[in-house]
Enquirer: 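The structure under discussion is supplied below as structure tokens; questions concerning it will follow.
Just so it is clear, the values below take in all heavy atoms, side chains as well, and ignore hydrogens, waters and symmetry mates.
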Amino acid sequence: PVSDPVDLVALLVKANEYYSAEDYENAFPAFKQVAEGGGSGAYVWLAYLYSAGLGTDMDPEQALRWFREAAALGDSYAIDQVAQITAAAEAVAARASTLANLSVEDLLALAAEKLAEGDRTFAQEAYQMAADLGSPEAWYQLGVQTEDWEPQNPKNIKALDYWQKSADLGYLKAQVRLAKSYRNGDFGTAKDMDKAIAMLIKMSDQGSVEATTELGYLYVSEDVPMDHAESFKWLKKAAEMGDVNAASWTGYYYAAGQGTDRNLEQSLFWHRQAAEGGSEFSKGQIPELEAEFAAAGGASAAPDQATKN
């Protein structure tokens with residue numbers, strides 16, 4: 001143990017060198033030894049390492065302890081940090097008090113409201129409380145708020161865990177997200193197309209539009225042998241479930257005679273459905289299809305006059 005003041009000074013210099021080199025594994029124990037030996041120059045550095053989780057586990061209580069030690073000596077940064085940490089703790093307590101007596105439905109509504117306002121911290125606390133009360137939607141949303149666009153980010157393992165909890169409670173959106181993970185081989189899962197397809201089919205049978213469209217797009221991807229007939233089958237089903245993009249694809253398939261027999265009347269029907277839903281692609285296809293249909297001896301039937309064959 002270091003006890004001599006000269007040794008503390010030398011060790012503090014070494015600790016700063018470690019920190020400057022971003023060698024936090026060595027910087028932390030050095031700053032800790034100096035601080036515990038009474039070296040006030042290490043107080044604020046040790047506090048910061050605890051608060052940031054650098055070289056050690058994040059520990060807000062220890063961070064506050066050492067910031068207070070530095071603040072007592074007049075360190076302006078430490079004084080500011082103590083004020084911020086105290087205010088944050090009070091805010092957490094206030095939020096907990098607000099959330100404590102809310103129902104799951106109210107917690108979910110409040111979380112969505114706070115997300116819209118940009119208050120992710122409050123939203124996540126509300127979702128966590130709803131999840132603890134057994135809400136599968138809340139577990140799913142925690143995963144959504146946790147996931148990172150970078151596939152290898154460790155946070156994604158936690159997101160997958162949240163989705164698994166939600167899926168285990170029967171939440172279709174979470175089950176679809178898990179199936180996508182098996183399809184892509186991301187978020188810590190091994191790529192398994194057979195498992196992904198089986199999960200998606202099961203969820204489609206349970207009424208998931210997202211799973212149904214995912215199956216349709218899957219069969220024109222590079223993940224499985226291309227099969228336009230299978231793609232058409234699932235996208236038409238999704239279109240019948242109300243998905244606008246799937247309706248546009250169904251119209252395209254009927255016009256092209258790809259994956260199904262060519263049928264201009266059906267193509268027009270589905271493109272009109274998609275156009276009513278806002279599809280710009282389908283809006284652009286309709287005039288040419290109407291002209292071709294009329295030239296072939298058909299009539300430009302209104303959407304409700306067509307049949308879903």
Enquirer: Between L49 and K32, does the side chain to side chain contact (heavy atoms under 4.5 Å, CB included) criterion hold? Intermediate values first, please.
Expert: CA-CA 10 Å; L49 292 175; K32 186 171 187 287; over 6 Å; no
Enquirer: Just checking D205: does its CG atom have more than 12 heavy atoms from other residues, nucleotides or ligands closer to it than 6.0 angstrom?
Expert: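 Yes, the 6.0 Å shell around CG holds more than 12 heavy atoms from other groups.
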Enquirer: Would you call the rings of Y43 and W66 parallel, tilted or perpendicular, where under 30° means parallel and over 60° means perpendicular?
Expert: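 Ring orientation, 0 to 90° scale: tilted.
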Enquirer: Is the closest side-chain heavy-atom distance between Q145 and L115 below 4.5 Å?
Expert: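 Touching, per the 4.5 Å side-chain cut-off.
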Enquirer: If you compare all heavy atoms of G216 against all heavy atoms of L235, which two are closest, and at what distance to 0.1 Å?
Expert: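 Heavy atoms of G216 and L235 come nearest at CA-CG, 3.7 Å.
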Enquirer: So, S248 side chain and N245 main chain: donor-acceptor pair closer than 3.5 Å or not?
Expert: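 Not at all, since once roles are kept as given, no pair shorter than 3.5 Å links the two residues.
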Enquirer: In the single-linkage hydrophobic clustering (I, L, V, M, F, W, Y; side-chain heavy atoms under 4.5 Å), do V44 and L11 co-cluster?
Expert: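 Linked, V44 and L11 end up in one cluster.
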Enquirer: Quick one: does any side-chain atom of T213 pair with a main-chain N or O of E210 as donor and acceptor, under 3.5 Å?
Expert: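 Yes.
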Enquirer: To check you understand the geometry: which heavy-atom pair defines the closest contact between L8 and G39, and what is its length?
Expert: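 Reported closest heavy-atom pair: CD1-N, 4.2 Å.
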Enquirer: Sort and list the pairs that fulfil ring pair (Phe, Tyr, Trp, His ring centres under 6.0 Å) and have at least one residue in residues 105-132, not counting sequence neighbours.
Expert: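 Output for this query is empty, none listed.
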Enquirer: What class does the angle between the rings of Y252 and W249 fall in, given that below 30° is parallel, 30 to 60° is tilted and above 60° is perpendicular?
Expert: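 Rings of Y252 and W249: perpendicular, over 60°.
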Enquirer: Rounded to the nearest 0.5 Å, what separation is found between the OG1 atom of T146 and the OH atom of Y162?
Expert: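 Those atoms lie 5.0 Å apart.
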Enquirer: How about E290 and H271: do any of their side-chain heavy atoms sit closer than 4.5 Å?
Expert: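 They are not in contact (no side-chain heavy atoms under 4.5 Å apart), so the answer is no.
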Enquirer: Would you sort out whether L99 and L110 count as a side chain to side chain contact (heavy atoms under 4.5 Å, CB included), showing the intermediate values?
Expert: CA-CA 9 Å; L99 300 174; L110 180 60; 3.5 Å; yes
Enquirer: For the NZ atom on K114, are there more than 12 heavy atoms of other groups (residues, nucleotides or ligands in this structure) within a distance under 6.0 Å?
Expert: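 For K114, atom NZ is crowded (more than 12 foreign heavy atoms under 6.0 Å).
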Enquirer: Report yes if the distance between the aromatic ring centroids of Y24 and Y18 is under 6.0 Å, otherwise no.
Expert: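 No; Y18 has its ring centre 6.0 Å or more from that of Y24.
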Enquirer: Please check if the side chain of S97 supplies one atom and the backbone of A93 the other of a donor-acceptor pair under 3.5 Å.
Expert: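 Not a single qualifying donor-acceptor pair exists.
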Enquirer: Which atom names give the shortest non-hydrogen contact between D243 and A246, and what distance separates them?
Expert: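 Result for this residue pair: OD2-N, 2.8 Å.
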Enquirer: To the nearest 0.5 Å, tell me how far N26 CG sits from Y19 OH.
Expert: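 Those atoms lie 15.0 Å apart.
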Enquirer: Quick one: does T56's side chain get under 4.5 Å of Y50's, heavy atoms only?
Expert: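 Yes - at least one pair of side-chain heavy atoms lies under 4.5 Å apart.
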Enquirer: To the nearest 0.5 Å, what is the distance between CD on E292 and CG on L264?
Expert: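 E292 CD to L264 CG: 4.5 Å, rounded to 0.5 Å.
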Enquirer: Take the angle between the ring planes of Y171 and Y140 and call it parallel below 30°, perpendicular above 60°, tilted in between.
Expert: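 Y171 and Y140: tilted rings.
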Enquirer: Check whether S231 reaches the backbone of Y217 with its side chain - one donor and one acceptor, N or O, closer than 3.5 Å.
Expert: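 Such a contact is absent between S231 side chain and Y217 backbone.
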Enquirer: Transitively linked via ILVMFWY side-chain contacts under 4.5 Å: I85 with V82?
Expert: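 In one cluster: yes.
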Enquirer: For the hydrophobic clusters of this structure (ILVMFWY residues joined by side-chain heavy atoms under 4.5 Å, transitively), does one cluster hold both L142 and L133?
Expert: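 Yes, same cluster.
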Enquirer: Please say whether more than 12 non-hydrogen atoms of neighbouring residues, nucleotides or ligands are located less than 6.0 Å from CD in E61.
Expert: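 It does not: E61 CD has 12 such atoms or fewer within range.
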Enquirer: Are V209 and M199 in one and the same hydrophobic cluster, where Ile, Leu, Val, Met, Phe, Trp and Tyr link if side-chain heavy atoms are under 4.5 Å apart?
Expert: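 No, no single cluster joins them.
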Enquirer: Can you confirm whether E230 sits close enough to L218 that some side-chain heavy atom of one is under 4.5 Å from a side-chain heavy atom of the other?
Expert: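 Not touching, per the 4.5 Å side-chain cut-off.
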Enquirer: Check whether any side-chain N or O of N16 sits under 3.5 Å from a backbone N or O of L12 as a donor-acceptor pair, and report yes or no.
Expert: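 It does hold such a pair.
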Enquirer: On a heavy-atom basis, which atom in A255 and which in L289 lie closest, and how many Å separate them?
Expert: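 Nearest pair, atom of A255 first, then L289: CB-CD2, 3.9 Å.
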Enquirer: To the nearest 0.5 Å, tell me how far D57 CG sits from Q62 CD.
Expert: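 Output value for this atom pair is 12.0 Å.
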Enquirer: Could you tell me whether the side chain of T212 and the main chain of S208 form a donor-acceptor pair under 3.5 Å?
Expert: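 Present.
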Enquirer: Whether D23 and K14 form a salt bridge (side-chain N of Lys/Arg under 4.0 Å from carboxylate O of Asp/Glu) is what I want to check.
Expert: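 No, no charged N to carboxylate O under 4.0 Å.
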Enquirer: Taking a hydrophobic cluster as the set of Ile, Leu, Val, Met, Phe, Trp and Tyr residues connected by side-chain heavy atoms closer than 4.5 Å, whether directly or through intermediates, do V244 and M241 fall within one such cluster?
Expert: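 As far as the 4.5 Å side-chain criterion goes, M241 and V244 are not connected within one cluster.
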Enquirer: If you look at every heavy atom in K165 and D161, which pair is closest and at what distance?
Expert: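 Distance-wise, the nearest heavy atoms are NZ-OD2, 2.7 Å.
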Enquirer: Check whether any side-chain heavy atom of K180 lies under 4.5 Å from a side-chain heavy atom of V176, and answer yes or no.
Expert: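 Yes - at least one pair of side-chain heavy atoms lies under 4.5 Å apart.
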Enquirer: About how many Å separate CE of M193 and CG of N184, when rounded to the nearest 0.5 Å?
Expert: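 Those atoms lie 8.5 Å apart.
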Enquirer: So I201 and W234, side chain to side chain contact (heavy atoms under 4.5 Å, CB included) or not? Walk me through it.
Expert: CA-CA 10 Å; I201 290 174; W234 293 108; 4.0 Å; yes
Enquirer: Restricting to ring-ring contact (aromatic ring centres under 6.0 Å, His included), what partner residues turn up for Y182, sequence neighbours left out?
Expert: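 For Y182 there are no ring-ring contact (aromatic ring centres under 6.0 Å, His included) partners, ignoring immediate neighbours.
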Enquirer: Do the side chains of E240 and T250 get nearer than 4.5 Å, heavy atoms only?
Expert: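 No. Closest side-chain heavy atoms not under 4.5 Å.
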Enquirer: Between the main-chain N or O of Y253 and the side-chain N or O of Q258, is there a donor-acceptor pair closer than 3.5 Å?
Expert: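 Checked: no pair found.
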Enquirer: Between R262 (side chain) and A256 (backbone), is there a donor-acceptor pair under 3.5 Å?
Expert: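 No, the answer is negative, given that no donor and acceptor are paired below the 3.5 Å cut-off.
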Enquirer: Can you measure from OG (S181) to CG (D192) and round to the nearest 0.5 angstrom?
Expert: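 Those atoms lie 12.0 Å apart.
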Enquirer: How far apart are the C-alpha atoms of F269 and Y254, what are their side-chain angles, what is the distance that settles it, and do they pass the side chain to side chain contact (heavy atoms under 4.5 Å, CB included) test?
Expert: CA-CA 10 Å; F269 173 78; Y254 271 123; over 6 Å; no
Enquirer: Salt bridge between E214 and R183, side-chain N to carboxylate O under 4.0 Å?
Expert: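 R183 and E214: salt-bridged.
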Enquirer: Tell me whether S204 contacts the main-chain N or O of L200 through its side chain, where contact means a donor paired with an acceptor under 3.5 Å.
Expert: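 Looks like no, no N/O pair under 3.5 Å.
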Enquirer: Looking only at heavy atoms, which two atoms of P136 and S166 are closest? And how far apart?
Expert: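 Result for this residue pair: O-OG, 2.7 Å.
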Enquirer: Establish, yes or no, whether a centroid distance under 6.0 Å links the rings of Y48 and F67.
Expert: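 No, ring centres 6.0 Å or more apart.
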